[in-house]
Amino acid sequence: MDGVREPMEHHRAATNRGLAMFGFAGFAAATALFAVAHLLSAFFSASSSPLTAMGSAFIDMTPPWLKDTVIAWFGTNDKLVLYLSLGVVAAVVAIFVGLLARSSQASAIACIVALGIAMGWAVVSRAESGPADVVPVVVGTVLSLLVLKWLVRKAAVATESAADDLTRRAFLRGSVLMVVAAGVAAGAGQALSATRNATKALREALQLPAAKTPVKPLDPGTQLDVAGLEPFITPNEDFYRIDTALSVPRVNPAQWSLRVHGMVEHEFTMSFDELLAADLVESYVTLTCVSNPVGGPLVGTAKWLGYPLGLLLERAGPTADADMVFSTSSDGFTASTPLEVLTDGRMALLAVGMNREPLPLQHGFPVRMVVPGLYGYVSATKWVVDIEVTRFADKVAYWSTRGWSDHGPIKLASRVDVPREQAKVPAGEVVMGGTAWAQTRGISKVQVQIDDGEWADAELGAEASVDTWRQWRYLWEGAPGGEHSVTVRAVDGNGEVQTAEHAPPAPDGSSGWHRVDFTVQ
Ligand SMILES: Nc1nc2c(c(=O)[nH]1)N[C@H]1C(S)=C(S)[C@@H](COP(=O)(O)O)O[C@H]1N2
Ligand SMILES: [Mo]
């Protein structure tokens, strides 16, 4: 009696098969969510993967006795046990949501959205997460909704009474495809995070050599005593970051090398060890972004450790008709730096250290360029791997092909940090302060103007070098109540007065005086 069944039995088998299909649709949707979120998390903080975040949240909520029991039973496999348990719970929930979708898609969608919110919450509540770290969970959740909708439709068709093997196979093919694709995504995410973490660990383990030529200790007078003034040395974690990299390049120092070539007598390639073994120097340099608006924050000062680019080029021996150094980063960014700037004796560096640490990953680990006096886009190539000596007539760098000037000397600028825009300050003595920069020329004077009054000289902080900014302070005694403004302008080491003429950042840097409006109460 093969192939012939009683109608009731047949009905029951079909129902069971239907349940299995809907359950599997839920499972596949959940797999898509975790896998895609895990893949994307490689580009965000480590805890942006929902599995990691939920695991960490779970560990934090576990009572000590349970933690001790798990560790006693499973030893160092405790994390594996945690992930497996989470996986089983997630699978059960996912199957339940799939079954729910059979009778009510709306309830299933509501469940997934609620779970997405819970996972997003687990992610952002981790100490090391920022708001952007929810992106993987959000994308994963949206994707899993689409997968569920798609597979539930297929399952519905396959469980109709008129359904045949063809529709059932279509469902099977679709869901297996989803799970396999999810596996591939999760594996890729795992591999990506592993290289990321490996680079982080390599950086943390790296011991930079001391400078052969240390810079003289900073004069304490470089830092003026004004509450709210940006510090003279910008801490690495507060240093502005500008680059075209969607995800921070991960360069293994052991695999890093710099190729120096082009219009030179001797081409050569340098390894990271060779660079560290060279005579390194230190210097304080203020970096500035060409996109910094008047009064803006895209400027910072660090103590850099590196090898002079002038010596590197001397070793290569540029030919007489070369006039430009074209540097390329591991991710394809390029900058054109005038050759003359790199050989005129200023402290242009192939830098490995920033404020006594290896370069942070987002600031160019393991090697970047730092050139005093030029905006970053024509000089400060991070993750630099290639230096070609060439001519402006022959090559155009990344931002210059997009309308920015191919030369980028930093313009004389000054800024009011205190009082802040729209601040309310008590009457009497108003303390004002800020900073001014004209790298390679230095700052010789800063003046402030209250409302439409006379320009008055501000007090200057000590000068660390002509390549750094210089702080200023001004006390306004007997300030009357009401609305006021302060405008600042600087004079550089050559006696040039900062221009009042307003220019936007494009194409070669902003200009104009910074003015702050505030109220004396
Ligand atoms: N590889 C790479 N290097 C780069 C850039 C970039 O986009 N990619 N941007 C440059 C620009 S425009 C600036 S202002 C500085 C900023 O350096 P920071 O992020 O360390 O402050 O890096 C420069 N170096
Ligand atoms: Mo920049």
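When a ligand or atom number is given, it counts from 1 through the structure's own listing order.
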Side chains of Asp273 and Ser271: do they bring a donor and an acceptor to under 3.5 Å? no
Find all atoms of ligand 1 within a distance of less than 4.0 Å from any non-hydrogen atom belonging to Phe239, and give their numbers and elements. 21 (O)
Tell me if a side-chain donor or acceptor on Asn494 pairs with a main-chain N or O of Arg441 at a distance below 3.5 Å. no
What atoms of ligand 1 come closer than 4.0 angstrom to any heavy atom of Ser329? 1 (N)
Closest to atom 16 (C) of ligand 1 among protein heavy atoms sits Ile242 O, 3.6 Å
What's the shortest distance from atom 21 (O) of ligand 1 to any protein heavy atom, and which residue and atom give it? Tyr240 O, 2.6 Å
re atom 13 (C) of ligand 1, the protein heavy-atom contact at minimum distance is Gly376 CA, 3.7 Å
Answer yes or no: does an N/O atom from Thr244 fall short of 3.5 Å to an N/O atom of ligand 1? yes
Check: Leu224 main-chain N/O paired with Gln471 side-chain donor or acceptor under 3.5 Å: yes
Residues Asp508 and Lys411 bridged, charged N to O under 4.0 Å: yes
State whether the shortest distance between N or O atoms of Asp243 and N or O atoms of ligand 1 falls below 3.5 angstrom. no
Run down the list Met369, Arg368, Gln362 and name the one with the heavy atom closest to atom 22 (O) of ligand 1. Arg368
Look at the side chain of Trp437 and the backbone N and O of Thr286, then say whether any donor-acceptor pair between them is shorter than 3.5 Å. no
With heavy atoms of Tyr377 as the reference, note each atom of ligand 1 found under 4.0 Å away. 11 (C), 12 (S)
Taking atom 19 (O) of ligand 1 as the reference point, the nearest protein heavy atom with its distance: Lys382 NZ, 2.5 Å
Below 4.0 Å, non-hydrogen atoms only: which portion of Tyr398 touches ligand 1? Side chain, backbone, both or neither. neither
If you have a sec, work out which protein heavy atom is nearest atom 24 (N) of ligand 1 and how many Å separate them, to one decimal? Ala380 O, 3.0 Å
The answer for which part of Asp331 has a heavy atom under 4.0 Å from ligand 1 is side chain
Going by the atom numbers of ligand 1, which of them fall below 4.0 Å from some non-hydrogen atom of Thr381? 3 (N), 24 (N)
Can you confirm if the NZ or CZ of Arg241 lies within 45° of the ring axis of Phe239 and under 6.0 Å from the centre of its six-membered ring? no
Expected output: side-chain Ser41 to main-chain Ser48 donor-acceptor under 3.5 Å: no
Indicate, as side chain, backbone, both or neither, the part of Cys289 found under 4.0 angstrom from ligand 1 when only non-hydrogen atoms are considered. both
Are the side chain of Arg315 and the backbone N or O of Leu311 linked by a donor-acceptor pair below 3.5 Å? no
Below the 3.5 angstrom mark, is there an N/O of Thr288, backbone or side chain, next to an N/O of ligand 1? no
Part of Phe333 within contact of ligand 1 (heavy atoms, under 4.0 Å): side chain
Report yes or no: does Arg346 contribute a side-chain atom to a donor-acceptor pair with the main-chain N or O of Pro372 at less than 3.5 Å? yes
Indicate yes or no: at least one non-hydrogen side-chain atom of Phe326 is less than 4.5 angstrom from one of Asp386. no
Per side-chain hydrogen bond (donor to acceptor under 3.5 Å, both in side chains), Ser414 is matched among Gln498, Gln447, Arg470, Arg489 by Gln498
